[in-house]
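Here the structure is laid out as structure tokens; the discussion comes afterwards.
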Protein chains: 2
Amino acid sequence: MNILLIEDNRTLAKSLERVLKQEGHTVEYAWNGTDGLHLWRTRADHLDLVISDVMLPYLDGLSLCKTIREENIQTPVLFLSALGETHQRVEGLRSGGDDYLIKPFSMDELLARVDALLRRPRARVPDLLALGTDITLSLENNSVTLAGKEVLLTPMEFRILAYLAQHKNMTCTRGQLLENCFEHSKDQWSNSLEVHIKNLRRKLFSKQHACSLQTVRGIGYKMATE
Amino acid sequence: MNILLIEDNRTLAKSLERVLKQEGHTVEYAWNGTDGLHLWRTRADHLDLVISDVMLPYLDGLSLCKTIREENIQTPVLFLSALGETHQRVEGLRSGGDDYLIKPFSMDELLARVDALLRRPRARVPDLLALGTDITLSLENNSVTLAGKEVLLTPMEFRILAYLAQHKNMTCTRGQLLENCFEHSKDQWSNSLEVHIKNLRRKLFSKQHACSLQTVRGIGYKMATE
DNA sequence: CGCAATTCTGAAGATTTCCTGAAGAATAGG
DNA sequence: CCTATTCTTCAGGAAATCTTCAGAATTGCG
């Protein structure tokens, strides 16, 4: 696992690095907030965990984490801090942190908490999604191609398709779709969804594919691929 | 979000429940280890978080959590305990816990930690139920496969099958089935149930299997596996 | 064996859910 | 302010599903 360590105390950093490497992790290191931010941003795809001090030169850990979270980067974060007051710990978690460890701590506890954070499955969203053999969908530029040719979708249609594609072969309830793609609340009814589904079918699934947009009666819809 | 609270101190439990509900969560409650285990197992699909005391009557929190993890259920767990020694906290995390909060704690911190645990993407456990050797049923996809091939069930059929599968090798009374799968009240009669059972048998149990849908005369039905 | 209670089965009617086309409402861009 | 695009609503009809019913089959028991 890849861990980014942001800590200005070089001595502590060294020993943390040693211990983590012993556990089989690879460790990258930044000694201040701005360097940390840069590394985190650029390497986010490869990182499995960030361990960050709260008090750092140039940019403190909490602001750093807030910034990152606003960029929709979800790498788990373990904060280290000598500030152990409840309100300080709460603030750490509210800033987007996943755990908060008070200095001084034992290496055993650190490793246990690191394990707990690494154990949970990551939700890494790939950029290009393939549906069957000839439908491709790029989340980044909001575009869809069918057999190599671009198909124009309305924003709403794209949101719905993207949601279904990200959950392909799972049944998505009408509630999920309404909540995630519309501003509606979960349990509200709107025929609108069905109209968009119809249009998606017309634009993308009119012919036989290795992929189809199925309705699951009484529940919702499912993007089925082979 | 759905939270299961396992705590034997009724006073503490009550106030936790109140605070969590204020935050918009729904709370289920168990006051001892064995009840907790049962609730957790059976409702795992709907639970988003478990908050559990460590010292509990009948079955302590750590063993409880280990058992659940061995069953491949990944619901996040927050342990509460008065035992705040490092080695005890480490043990909690090693047992499959995700966080460990030491009593007494402030409600603020509890809520922050609950938020942190709920915020992270859910473990997508393919909640697959196996019946015999060749029937598999996925609650998430609302789908059933027989010898690898998908079998299409109606919503009602699926609900009934799922209920029986989740209680396999137990006799389910007609009352249970009516109450859980239909909108009927417990003691109402409806031939409808039998019709659905018939259709399930036709679709899934027509051949000899390691699994059969038996009728228990005068009581109800049983999903029997070997 | 014969009877009564219970369950099974097929088909038809009732109900729910979904699809579709078109028209009205909202929104953005010029 | 006008236009083009997109979104939502509505209503009719189609399709899938659920329930009911009546007769047949099965089971348990004296």
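Within every chain, numbering begins at 1; the chains are lettered A, B, ... in the order of the sequence lines, protein sequences first and strands thereafter. All values below were derived from every heavy atom in this structure, side-chain atoms included, with hydrogens, water molecules and symmetry-related copies excluded.
- Atoms CG (A:Leu152) and P (D:dC7) sit 13 Å apart, rounded to a whole Å.
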- [ ] Treat primed atoms plus P, OP1 and OP2 as sugar-phosphate and everything else as base, then score nucleotides 21-30 of chain C 5' to 3': B for base contact with protein heavy atoms under 4.0 Å, S for sugar-phosphate contact only, - for none.
- [x] B---------
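- Straight-line distance from the CH2 atom of A:Trp189 to the P atom of C:dT17: 7 Å, rounded to whole Å.
- Rounded to whole angstrom, the span from the CG atom of B:Leu153 across to the P atom of D:dC18 amounts to 10 Å.
- A:Ser63 is linked by a side-chain hydrogen bond (donor to acceptor under 3.5 Å, both in side chains) to A:Asp60, counting only residues two or more places apart in sequence or in another chain.
- Put simply, B:Tyr221 has a side-chain N or O that comes within less than 4.0 Å of OP1 or OP2 on C:dC8.
- Partners of A:Glu194 by side chain to side chain contact (heavy atoms under 4.5 Å, CB included), not counting sequence neighbours, listed by chain and number: A:Arg174, A:Trp189, A:Asn191, A:Tyr221.
- Taking only side-chain nitrogens and oxygens, A:Thr154 comes nearer than 4.0 Å to OP1 or OP2 of D:dC7.
- Within residues 155-162 of chain A, the residues having any heavy atom under 4.0 Å from DNA chain D are, by residue number, A:Pro155, A:Met156.
- By the side chain to side chain contact (heavy atoms under 4.5 Å, CB included) test, A:Thr173 is found to be paired with A:Gln176, A:Ile219, residues two or more places apart in sequence or in another chain being considered.
- Legend: side-chain hydrogen bond (donor to acceptor under 3.5 Å, both in side chains) pairs involving residues 144-162 of chain B, not counting sequence neighbours, sorted by first then second residue: B:Glu157-B:Lys203.
- Side-chain contact annotation: B:Asn169 with B:Thr225, donor-acceptor N/O pair under 3.5 Å present.
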Open item on the list: Assess the residue pair B:Asp98 and B:Arg69 against the criterion (salt bridge (Lys or Arg N to Asp or Glu O under 4.0 Å)); give the C-alpha distance rounded to whole Å, side-chain angles, the decisive distance to 0.1 Å, and a yes or no.
Closed with: CA-CA 12 Å; B:Asp98 296 89; B:Arg69 290 288 188 246; 3.1 Å; yes
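- A donor-acceptor pair under 3.5 Å links the side-chain atoms of A:Lys168 to the main chain of A:Ala130, judged by distance alone.
- Phosphate proximity of D:dT19 to B:His196: present, with a side-chain N or O under 4.0 Å from OP1 or OP2.
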Open item on the list: So if I define the base as every atom that isn't primed, P, OP1 or OP2, how would nucleotides 24-30 of chain D read as a B/S/- string at a heavy-atom cutoff under 4.0 Å?
Closed with: --BBS--
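- Remark: C1' of C:dC19 and CZ of A:Arg201 are 8 Å apart, rounded to the nearest angstrom.
- Summarising the geometry, the separation between CG on A:Leu177 and P on D:dT8 is reported as 13 Å, rounded to the nearest angstrom.
- Across the protein-nucleic acid pair, A:Asn199 atom CG and D:dT8 atom P stand 12 Å apart, rounded to whole Å.
- For D:dT9, the OP1/OP2 oxygens have a side-chain nitrogen or oxygen of A:Ser190 closer than 4.0 Å.
- In this structure, the side chain to side chain contact (heavy atoms under 4.5 Å, CB included) partners of B:Lys14, at least two apart in sequence or on a different chain, are B:Glu17.
- For A:Asp48 (side chain) and A:Asn2 (main-chain N/O), a donor-acceptor pair under 3.5 Å exists by modelled atom type.
- Remark: P of D:dC7 and CG of A:Leu193 are 13 Å apart, rounded to the nearest angstrom.
- Distance alone, capped at 3.5 Å, is enough to place a donor-acceptor pair between the A:Arg201 side chain and the A:Leu213 backbone.
- Scored by the side chain to side chain contact (heavy atoms under 4.5 Å, CB included) test, B:Pro57 finds B:Asp8, B:Trp31, B:Asn32 as partners (sequence neighbours excluded).
- Under a cut-off of 6.0 angstrom, the local environment of OH in B:Tyr58 is sparse, with at most 12 non-hydrogen atoms contributed by other residues, nucleotides or ligands.
- Applying the ring-ring contact (aromatic ring centres under 6.0 Å, His included) rule to pairs touching residues 135-163 of chain B yields B:Tyr163-B:His167, sequence neighbours excluded.
- At its two ends the helix from C:dC1-D:dG30 to C:dG30-D:dC1 runs along axes set 40° apart, each axis drawn from five pairs and the angle rounded to 10°.
- OP1 or OP2 of C:dC18 lies within a sub-4.0 Å distance of a side-chain N or O belonging to A:Arg174.
- Listed candidates were C:dC18, D:dT9, C:dC8. Nearest to the side chain of A:Thr215 is C:dC18.
- In this structure, A:Ile197 atom CD1 and C:dC19 atom P are separated by 8 Å, rounded to whole Å.
- Under the rule for a side-chain hydrogen bond (donor to acceptor under 3.5 Å, both in side chains), A:Asp35 has no partner lying at least two apart in sequence or in another chain.
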